[in-house]
Amino acid sequence: MGISFDRSARIAGYRPSVFKRALLSFSRTRSPGKTIDLKTVFPERSDGAIVFEECLDRGLIDPTITKLTETGEALALAKANPRTPLAKAQAVLNSFLDRIEALRCNPDGVQDVDQVWLFGSLMRGADSVGDIDVAVTRSRRPHFANDHDGRQRHVNQLVAKMSDAPHDWAGPWSKEEWLFKRAIYGAMRHPLLAGAQYGTADLQALGVPCRLIYDRARGGRVDDPVLARHPESLGRSNNVSPPFEMPNLEPAPIQPMDARWVAGFSETGMVSPYHIFRGWTRDARALFPRFPDGLRIVADDDALLHSPSVPALLKRPRLDGRKAVALVNATERLKTGLILHREIEISSSHWTLHTRFSNLQICRASGHVNPATLPALASAAALILAVDAEHMLRRAGEAPAPPIVRIAADTTDLSENLRFNLSEPLQSLLRKRIARIETDEDCTCRHV
């Protein structure tokens, strides 16, 4: 009795199954870095970072205790099946009851269905259902109940007449079980009935509303009222989790992403294009022609802040990784660091990512910025801003009238040297889409 999503559903442009697999991974590792680096789920680390960000924004992961919330657990256990319109699901249930009544009238039957209890979304009359929740009770017919040998002979005779009967049987009761299920489900069980329960123990333990829809003792189908719980239920058992309901996945207002995703949330902050792009791909080489040995992404709680390679004036509070994050390119001889500031302004027609640089720090020995340190910083900043923009595009695609997403760079505080060697290369990387901005074919959004 879990929740299910239609296979055409999307969350920020991604299939719910992507979130499900990411949440299952996070529940095991409780590691943001390992989650965003799931190679079997995310084509690139940026996809994992966006999904992880959406998990935070939609209340699926509690960032304070790094654990799934109840909503996150519900989504992690959800099914990604097509949801069926109510009328079609009701028709499937009616056919199921028709076969049960046919079995009751068939003199060759070994077992009878005594009662069918309906619960879940179909009973509530939801617009669409993921599956049909029923609990079926059954019993052997009296003349077979205590005659084991006679029952087995009868079952063997019936099976011998069935052309679609299996050739191998698991145990002494498997033939009787197969005949019963063949009678009530037909040659192939409908997927909506895959979760049908036998007996009412689970239904009683759930303690949920239910309705008796078939009672053999009263002649077959009945139209009983909905009960708060099964008559023999004592309420929900402490050993049974409450049934999941479709969670509210409305996101919190969008904000800049935690830029430390670029470094895989590593405390060292090291940037490795190979791991970001899943290998030395064309995109990796285009954005980082040389491996950035000294490139780091740094925030307040990162271990690298205590490293002598980080310029001293960057070791200050209020680097949250979102509104402000330090970009450092430091080698044995060269050392350049600065703070990247980001803020998202939202209006009805435009979402604007405002960005600027501040607190330029250089190696005191040279007294000037070495241009050789700036290309890697420009590439890192372009990647951070591009993925921010993609995240904004995906979120904007959920709006009834998707706004235009744009990036606005403030360069007034930069020297001519930095404009030429940092700001202009960064803007060129974004304009040329060296760092991807547009989303994939599954997410139709307006571009920057």
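Remark: side-chain polar atoms of Ser128 are not paired, donor with acceptor, to backbone N or O of Thr84 under 3.5 angstrom. Between the Asp300 side chain and the Leu319 main chain, a donor and an acceptor come within less than 3.5 Å of each other. Side-chain N or O atoms of Arg211 include none that pairs as donor or acceptor with a backbone N or O of Val226 at under 3.5 Å. The main-chain N or O of Arg342 is never found under 3.5 Å from a side-chain atom of Lys323 such that the two would form a donor-acceptor pair. Remark: the backbone N or O of Pro375 is paired with a side-chain donor or acceptor of Ser379 at under 3.5 angstrom. Arg229 places no side-chain N or O within donor-acceptor distance of the main-chain N or O of Arg236, the cut-off being under 3.5 Å. The backbone N or O of Asp62 sits nowhere less than 3.5 Å from a side-chain atom of Thr69 that would complete a donor-acceptor pair. Listed for the Arg189 side chain is no donor-acceptor partner under 3.5 Å among the backbone atoms of Gly186. Counting only distance, with no hydrogens or angles, the side chain of Glu398 and the backbone of Ala12 share a donor-acceptor pair below 3.5 Å. Formation of a donor-acceptor pair under 3.5 Å by the Arg30 side chain with backbone atoms of Lys67 is not found in this model.
The shortest distance between side-chain heavy atoms of Met392 and Ile344 falls below 4.5 Å. The side-chain heavy atoms of Val387 and Ile50, taken from C-beta on, include a pair separated by under 4.5 Å. Two residues are said to be in side-chain contact when any heavy atoms from C-beta on lie closer than 4.5 Å; Thr71 and Leu249 meet this criterion. Side-chain contact between Gln115 and Arg216 is absent, with no heavy atoms from C-beta onward closer than 4.5 Å. The shortest distance between side-chain heavy atoms of Ile213 and Leu93 falls below 4.5 Å. With a 4.5 Å cut-off on side-chain heavy atoms, Ile384 and Ile297 count as touching. Annotation: side chain of Leu118 is in contact with side chain of Ile132 (closest heavy-atom distance under 4.5 Å). The shortest side-chain heavy-atom distance between Leu23 and Ile61 falls under the 4.5 Å cut-off.
In this structure, Asp223 places its CG atom where only 12 or fewer heavy-atom neighbours from other residues, nucleotides or ligands lie under 6.0 Å away. When the shell of 6.0 Å around CZ of Phe291 is examined, it contains more than 12 heavy atoms from other residues, nucleotides or ligands. Summarising the local packing, CZ of Arg141 is surrounded by more than 12 heavy atoms from other residues, nucleotides or ligands at distances under 6.0 Å. Within 6.0 Å of the CD1 atom in Ile65, the count of heavy atoms belonging to other residues, nucleotides or ligands exceeds 12. Applying the 6.0 Å contact sphere to CG of Asp164 captures more than 12 heavy atoms from other residues, nucleotides or ligands.
The existence of a salt bridge linking Arg260 and Asp258 is confirmed by a sub-4.0 Å separation between a basic side-chain nitrogen and an acidic carboxylate oxygen. With respect to Arg395 and Glu54, a salt bridge is recorded, a charged nitrogen being found less than 4.0 Å from a carboxylate O. At a threshold of 4.0 Å, the pair Glu177-Arg138 counts as salt-bridged, since one of the basic side-chain nitrogens sits closer than that to a carboxylate oxygen. A salt bridge links Arg218 to Asp224: at least one charged side-chain nitrogen sits closer than 4.0 Å to a carboxylate oxygen.
If you take CD1 on Ile339 and CZ on Phe357, they are separated by 11.5 Å, rounding to the nearest 0.5 Å. Atom CZ of Phe96 sits about 10.0 Å away from atom OH of Tyr214, to the nearest 0.5 Å. If you take CZ on Arg28 and CG on Leu68, they are separated by 10.5 Å, rounding to the nearest 0.5 Å. Asp202 contributes atom CG, which lies 8.0 Å from atom CZ of Phe119 (distance to the nearest 0.5 angstrom). Separation of atoms NZ (Lys175) and CE (Met162) is listed at 13.0 Å; rounding is to 0.5 Å. Here the straight-line distance linking atom CD of Gln111 with atom CZ of Phe144 works out to 11.0 Å at 0.5 Å rounding.
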For the pair Leu158 and Trp178, evaluate side-chain contact (heavy atoms from CB on, under 4.5 Å) and give the outcome as yes or no after the intermediate values. CA-CA 11 Å; Leu158 293 177; Trp178 182 83; over 6 Å; no
Audit row: Leu385, Leu426, side-chain contact (heavy atoms from CB on, under 4.5 Å) steps and yes/no: CA-CA 10 Å; Leu385 297 177; Leu426 185 159; 3.9 Å; yes
Could you walk me through whether Leu122 and Asp133 pass side-chain contact (heavy atoms from CB on, under 4.5 Å), step by step? CA-CA 8 Å; Leu122 180 54; Asp133 296 302; over 6 Å; no
How far apart are the C-alpha atoms of Lys88 and Leu192, what are their side-chain angles, what is the distance that settles it, and do they pass the side-chain contact (heavy atoms from CB on, under 4.5 Å) test? CA-CA 10 Å; Lys88 184 175 180 180; Leu192 288 177; 5.8 Å; no
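Here the closest heavy-atom approach between residue Ala9 and residue Pro16 is recorded as O-CD, 3.1 Å. Nearest heavy atoms, Ala135 versus Thr200: CB-CG2, 4.3 Å. Pro256 and Glu53 make their closest contact through O-OE2, 4.0 Å (heavy atoms, listed as atom of the first residue, atom of the second, distance). Between Ser31 and Lys34 the shortest heavy-atom distance is OG-N, 3.1 Å. The two residues Ile36 and Gly264 have their closest heavy-atom pair at CD1-CA, 4.1 Å. Shown here for Glu390 and Asp47, the closest heavy-atom pair between the two residues is OE2-OD1, 4.2 Å.
Residues Glu345 and His350 have side chains that never bring a donor and an acceptor to within less than 3.5 angstrom of each other. Side-chain contact of Gln152 with Asn156: a donor-acceptor pair under 3.5 Å is absent, judged by distance alone. For the residue pair Asp114 and Ser139, a side-chain donor N or O sits within less than 3.5 Å of a side-chain acceptor on the partner. Side chain to side chain, Arg151 and His148 meet the donor-acceptor criterion of an N or O pair below 3.5 Å. A donor atom on one side chain and an acceptor atom on the other are found under 3.5 Å apart for Arg406 and Thr352.
In this structure, Phe19 and Tyr14 have perpendicular ring planes: the angle between them is above 60°, well past the 30° mark.
Remark: Arg278 pairs with Asp37 by the salt bridge (charged side-chain N to carboxylate O under 4.0 Å, His left out) rule, at least two apart or across chains.
The residue from Arg140, Arg182, Arg153, Lys181 that alone fulfils the salt bridge (Lys or Arg N to Asp or Glu O under 4.0 Å) condition with Glu176 is Arg140.
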